[in-house]
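Have a look at the structure below before the remarks.
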Amino acid sequence: MKSHWKSCAMGAAVVAALLGATACEPSASDGSGEGSPSARPSATGTPSATGTPSATGPAKPSTSADPGANGGTGGSGASGGAVAACTAEDLGVSAVKEPANSKEARHLLITVQNAGSKKCDLYRFPYVRLGADARTTVPVIEASDPDPGRPVTLAPGEEAHAALLVAGGARDEYEAKSITLTLQGRKAGTKASKPIDVPMPVATLYADDGQLVTYWTTAEGMALDFVMSK
């Protein structure tokens, strides 16, 4: 009988201990929130609207960066690369001796006129050959470039000029019965035309290895200044 009461007393003590431990645990609704992660994700965890790729996609390169813009270092009216290089089909070509009453045809003025219906660009200087057997093109006078890096833009009906020194008093004189010129393209070293026959101002030219040509310019007097003194 005594052992029975002892067992009951021990059972009651265990139940009391369990109830006490339960009473010490914090309630899930006591507002402290410590140790109990929120069931909702933090608002800061939501991707920002600015992190969403733009609907317009990546930016496209600007057309104004085109190296050909403004005539490829262009002349007037060459904005946006709209002005093409002059070709043989665009131009009328002539050559006269300077001065007109000179006995010798040592100094020539080559003139091209835009005979087309649109503007076109002349680049740098003409590649000129004097005579069918010319070994090379006529060297250019670098100081004659009127606007370095920019082409000469010709509107319909406008003219440009290049002065040509046929003989500079050097050696190796030879007879030339033809003149041809080739137009340069937008990029240095390229060509915009096949050789163009230039009408001869005299039947025969007496050329030598002192020959020179100028850059294209719209000012014929400026071009001639570079060769008349030679």
Side-chain angles (χ1 to χ4, degrees), residues 75 85-116 120-148 150-185 188-189 191-230:
C86 295
T87 65
E89 291 73 22
D90 298 321
L91 304 176
V93 184
S94 64
V96 296
K97 60 181 182 177
E98 292 289 341
N101 60 354
S102 64
K103 294 181 179 180
E104 295 181 334
R106 291 183 61 242
H107 308 100
L108 303 183
L109 183 68
I110 298 174
T111 299
V112 295
Q113 182 183 53
N114 185 351
C120 68
D121 282 341
L122 287 172
Y123 288 92
R124 294 171 289 278
F125 55 91
Y127 292 136
V128 177
R129 287 184 182 272
L130 296 177
D133 298 325
R135 293 177 299 225
T136 185
T137 57
V138 178
V140 69
I141 302 173
E142 289 292 348
S144 66
D145 191 349
D147 195 357
R150 298 177 68 88
V152 174
T153 301
L154 295 182
E158 290 184 340
E159 296 180 343
H161 314 277
L164 175 64
L165 179 65
V166 176
R171 298 174 297 175
D172 299 330
E173 184 178 88
Y174 66 96
E175 291 185 359
K177 296 184 180 293
S178 66
I179 305 171
T180 62
L181 71 80
T182 302
L183 302 171
Q184 293 197 48
K191 298 176 182 179
S193 75
K194 294 181 179 180
I196 302 169
D197 290 322
V198 180
M200 291 282 286
V202 294
T204 302
L205 294 171
Y206 295 91
D208 63 25
D209 58 6
Q211 54 196 250
L212 294 168
V213 71
T214 68
Y215 277 74
W216 292 115
T217 176
T218 55
E220 60 180 86
M222 178 183 294
L224 287 170
D225 283 346
F226 284 98
V227 300
M228 296 302 289
S229 60
K230 298 183 182 299

Item checked: For Glu89, side chain to side chain contact (heavy atoms under 4.5 Å, CB included) partners two or more places apart -> Thr87

Could you tell me which non-hydrogen atom of [X] sits nearest to which non-hydrogen atom of [Y], and how far apart they are?
X      : Y      : answer
Thr182 : Pro195 : OG1-CA, 3.5 Å
Ala207 : Leu130 : CB-CD1, 4.0 Å
Trp216 : Pro146 : O-CG, 3.5 Å
Pro199 : Ser94  : CD-CA, 4.3 Å
Ala176 : Gly131 : CB-N, 3.7 Å
Thr214 : Ala223 : CG2-O, 3.7 Å

Is the shortest heavy-atom distance from the side chain of [X] to the side chain of [Y] under 4.5 Å?
X      : Y      : value
Thr217 : Val152 : no
Leu122 : Leu91  : yes
Leu164 : Val138 : yes

Next item on the list: Go through the structure and list residues passing ring pair (Phe, Tyr, Trp, His ring centres under 6.0 Å) with Tyr127, not counting sequence neighbours.
Entry: Phe125

Next item on the list: Can you sort out the partners of Asp147 under salt bridge (Lys or Arg N to Asp or Glu O under 4.0 Å), two or more places apart, ordered by chain and number?
Entry: Arg150

Checklist line | Separation of Asp197 CG from Ile179 CD1 (nearest 0.5 Å) | finding: 10.0 Å

Check: Where do Val213 and Leu165 land on the side-chain contact (heavy atoms from CB on, under 4.5 Å) test, with the steps shown first?
Finding: CA-CA 6 Å; Val213 71; Leu165 179 65; over 6 Å; no

Would you tabulate the side-chain donor-acceptor contacts of residues 155-163 under 3.5 Å, counting partners in other chains and residues two or more places apart, or write 'none'?
from: Glu158; atom 1: OE1; to: Ala155; atom 2: N; distance (Å): 2.8
from: His161; atom 1: ND1; to: Thr111; atom 2: OG1; distance (Å): 2.9

Notebook entry, point to check: Which side chain to side chain donor-acceptor pair (under 3.5 Å) pairs, counting each pair once, include a residue from residues 134-146, with sequence neighbours left out?
Noted result: Glu142-Tyr215

Notebook entry, point to check: How would you list all residue pairs meeting side chain to side chain donor-acceptor pair (under 3.5 Å) that involve residues 166-181, not counting sequence neighbours?
Noted result: Tyr174-Gln211, Lys177-Thr204

Checklist line | side-chain hydrogen bond (donor to acceptor under 3.5 Å, both in side chains) against Arg124, all qualifying residues, sequence neighbours excluded | finding: Gln184

Enumerate donor-acceptor pairs with a distance under 3.5 Å from any side-chain N or O in residues 96-108 to protein atoms, sequence neighbours excluded.
from: Lys97; atom 1: NZ; to: Ser102; atom 2: O; distance (Å): 2.7
from: Ser102; atom 1: OG; to: Pro99; atom 2: O; distance (Å): 2.9
from: Ser102; atom 1: OG; to: Glu104; atom 2: O; distance (Å): 2.9
from: Arg106; atom 1: NE; to: Ala167; atom 2: O; distance (Å): 3.1
from: Arg106; atom 1: NH2; to: Ala167; atom 2: O; distance (Å): 2.7
from: Arg106; atom 1: NH2; to: Lys230; atom 2: O; distance (Å): 3.4
from: His107; atom 1: NE2; to: Val227; atom 2: O; distance (Å): 3.2
from: His107; atom 1: NE2; to: Lys230; atom 2: O; distance (Å): 3.2

Next item on the list: Might you confirm whether atom CE of Met222 has over 12 heavy atoms from other residues, nucleotides or ligands at distances under 6.0 Å?
Entry: no

Notebook entry, point to check: Hey, is the main chain of Leu154 close enough, under 3.5 Å, to the side chain of Asp121 for a donor-acceptor pair?
Noted result: no

